[in-house]
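Numbering of ligands and ligand atoms starts at 1, following listing order. Because only heavy atoms are used, hydrogens play no part in the values below, and waters and symmetry mates are left out as well, while side chains stay in.
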Amino acid sequence: MKKKLIAGNWKMNGSLAANEALIKNLLAGLGTPACQVALCVPSVYLAQCQSLVNGTAIDLGAQDVSQQPEGAFTGEVSSAMLQEFGVRYVLVGHSERRQYHFETDAGVAVKAQRALACGITPIVCVGETLAEREAGRTEEVVKRQLAAVIHANGHCISEIVVAYEPVWAIGTGKTASTEQAQQVHAVLRAQLKAASPQADRIHLLYGGSMNAANAAQLLAQPDIDGGLVGGASLKAPDFLSIIASAN
Ligand code: PEP
């Protein structure tokens, strides 16, 4: 059975001093975790965080990657640049990127391709808005978002991670019920199985207000292989407690 994966998404939070304190506190309490652990940090802190997690049980992640390989794209960070800093995971298609930066399914699929080409695992985020859920469109939306990535990446699809993050649950304190989350995960698993004989290797993470109190129940679901954790990843005791729930 594959180990679960708990990935923190710091979003646009942190400072040199806060990052150092957080990572040191995490390492002090981590021991030898039974699950995989990653931190997706702001790009400007990759060098600092790389040196803090180097040789530890924490893998380094980034929060976005350019669709372009290099060139005149001011403000963008390429997958080759991330690779130079030992980045193992990169979020693509986070709902905040889709919402505030108008990222499309096709663009997210290209980002996943760029990451894979540099040996970085894309964590492909999918999820429906509240309006889409209320209109009964959840399955259609998440399947459409994932289909674009499957279509662009062919047999490499077994190398991705997928995070189901209902948009209405991100940063709101509203968590999907275990039944709601498992139901969507089962849909995504079936879609991945139809696309790849190696789909069982793919981690399917749940994200959306996962915290120390609800993690164990969510992580006990058959198709939930880990969590993508925003707010609670910024507090060492909370994040450590979620990691312990996945052990
Ligand atoms: C996220 O940013 O991916 C996320 C799930 O945030 P939160 O845990 O704060 O809802």
Side-chain angles (χ1 to χ4, degrees), residues 4-14 18-19 22 26 35-43 45 49 58-65 87-101 103 108 111-112 115 120-130 132-133 138 141-142 145-146 149 160-178 180-182 184-185 188 203-219 221 223-246:
K4 294 208 188 297
L5 167 62
I6 303 295
N9 173 17
W10 286 1
K11 312 196 192 207
M12 196 173 70
N13 293 294
N19 303 342
L22 177 53
L26 288 173
C35 66
Q36 294 171 246
V37 179
L39 293 176
C40 299
V41 308
S43 301
Y45 294 132
C49 295
I58 299 180
D59 287 316
L60 190 58
Q63 297 177 10
D64 187 31
V65 64
V87 166
R88 172 152 183 207
Y89 298 100
V90 63
L91 304 179
V92 296
H94 191 281
S95 66
E96 289 152 15
R97 302 285 321 169
R98 293 181 191 262
Q99 186 180 352
Y100 304 131
H101 300 272
E103 292 197 2
V108 171
K111 288 182 176 208
I120 297 170
T121 301
I123 301 180
V124 176
C125 303
V126 300
E128 81 288 2
T129 63
L130 186 58
E132 288 163 342
R133 173 163 283 271
T138 299
V141 170
V142 297
Q145 292 170 332
L146 184 56
V149 177
I160 72 169
V161 169
V162 177
Y164 168 55
E165 299 206 304
V167 179
W168 48 271
I170 298 179
T172 58
K174 285 186 201 155
T175 316
S177 68
T178 47
Q180 285 172 325
Q182 166 56 30
V184 178
H185 278 237
L188 295 171
H203 280 92
L204 277 180
L205 313 184
Y206 169 78
S209 299
M210 185 180 267
N211 58 38
N214 61 28
Q217 221 190 342
L218 285 160
L219 293 168
Q221 300 306 303
D223 288 302
I224 300 187
D225 307 315
L228 180 55
V229 184
S233 72
L234 296 169
K235 296 176 208 129
D238 293 25
F239 197 52
L240 286 169
S241 165
I242 293 171
I243 291 166
S245 306

Spell out, as yes or no, whether a donor-acceptor pair under 3.5 Å connects the side chain of Gln145 to the backbone of Gly127.
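Yes, because the side chain of Gln145 sits within donor-acceptor range (under 3.5 Å) of the backbone of Gly127.
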Has Gln182 got a side-chain atom pairing as donor or acceptor with Asp223's backbone, closer than 3.5 angstrom?
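Yes.
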What protein heavy atom is closest to [atom], reported as residue, atom name and distance in Å?
{"atom": "atom 3 (O) of ligand 1", "answer": "Glu165 OE2, 2.6 Å"}
{"atom": "atom 1 (C) of ligand 1", "answer": "His94 NE2, 3.3 Å"}
{"atom": "atom 8 (O) of ligand 1", "answer": "Gly230 N, 2.8 Å"}

Would you call the rings of Tyr206 and His185 parallel, tilted or perpendicular, taking 30° and 60° as the class edges?
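Rings of Tyr206 and His185: tilted, as their planes differ by 30° to 60°.
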Examine ligand 1 and decide if any of its atoms is less than 4.0 Å from a heavy atom belonging to Ser209.
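Under 4.0 Å: yes for Ser209.
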Among the heavy atoms of Ala169, does any lie under 4.0 Å from an atom of ligand 1?
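Contact check Ala169 vs ligand 1: positive.
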Atom indices of ligand 1, in the order listed, that fall short of 4.0 Å to a heavy atom of [X]:
{"X": "Gly171", "result": "7 (P), 9 (O), 10 (O)"}
{"X": "Leu228", "result": "3 (O), 5 (C)"}
{"X": "Gly208", "result": "5 (C), 10 (O)"}
{"X": "Gly231", "result": "7 (P), 8 (O), 9 (O)"}

Please determine which of Lys111, His101, His94 meets the side-chain hydrogen bond (donor to acceptor under 3.5 Å, both in side chains) test together with Asp64.
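With Asp64 as partner, Lys111, His101, His94 yield a single side-chain hydrogen bond (donor to acceptor under 3.5 Å, both in side chains), made by Lys111.
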Quick one: does ligand 1 sit under 4.0 Å from the side chain of Ile170, the backbone, both or neither, non-hydrogen atoms only?
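Looking at Ile170 and ligand 1, atoms from backbone and side chain both fall under 4.0 Å.
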How long is the span from the CD1 atom in Ile242 to the CG atom in Leu218, to the nearest 0.5 Å?
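Answer rounded to 0.5 Å: 10.0 Å.
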Between Ala181 and Ile224, what is the shortest heavy-atom contact and its length?
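Scanning both residues, the minimum pair turns out to be CB-CD1, 3.8 Å.
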Search all heavy atoms of Trp168 against all heavy atoms of Thr129 and return the closest pair with its distance.
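Shortest heavy-atom contact: CD1-C, 3.8 Å.
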Ligand 1 and Lys11, any nitrogen or oxygen pair closer than 3.5 angstrom?
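The answer is yes, given that Lys11 and ligand 1 share an N or O pair closer than 3.5 Å.
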Among Asn211, Leu22, Leu234, Leu26, which residue meets the side-chain contact (heavy atoms from CB on, under 4.5 Å) test with Phe239?
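Running side-chain contact (heavy atoms from CB on, under 4.5 Å) over Asn211, Leu22, Leu234, Leu26 with Phe239 returns exactly one hit, Leu26.
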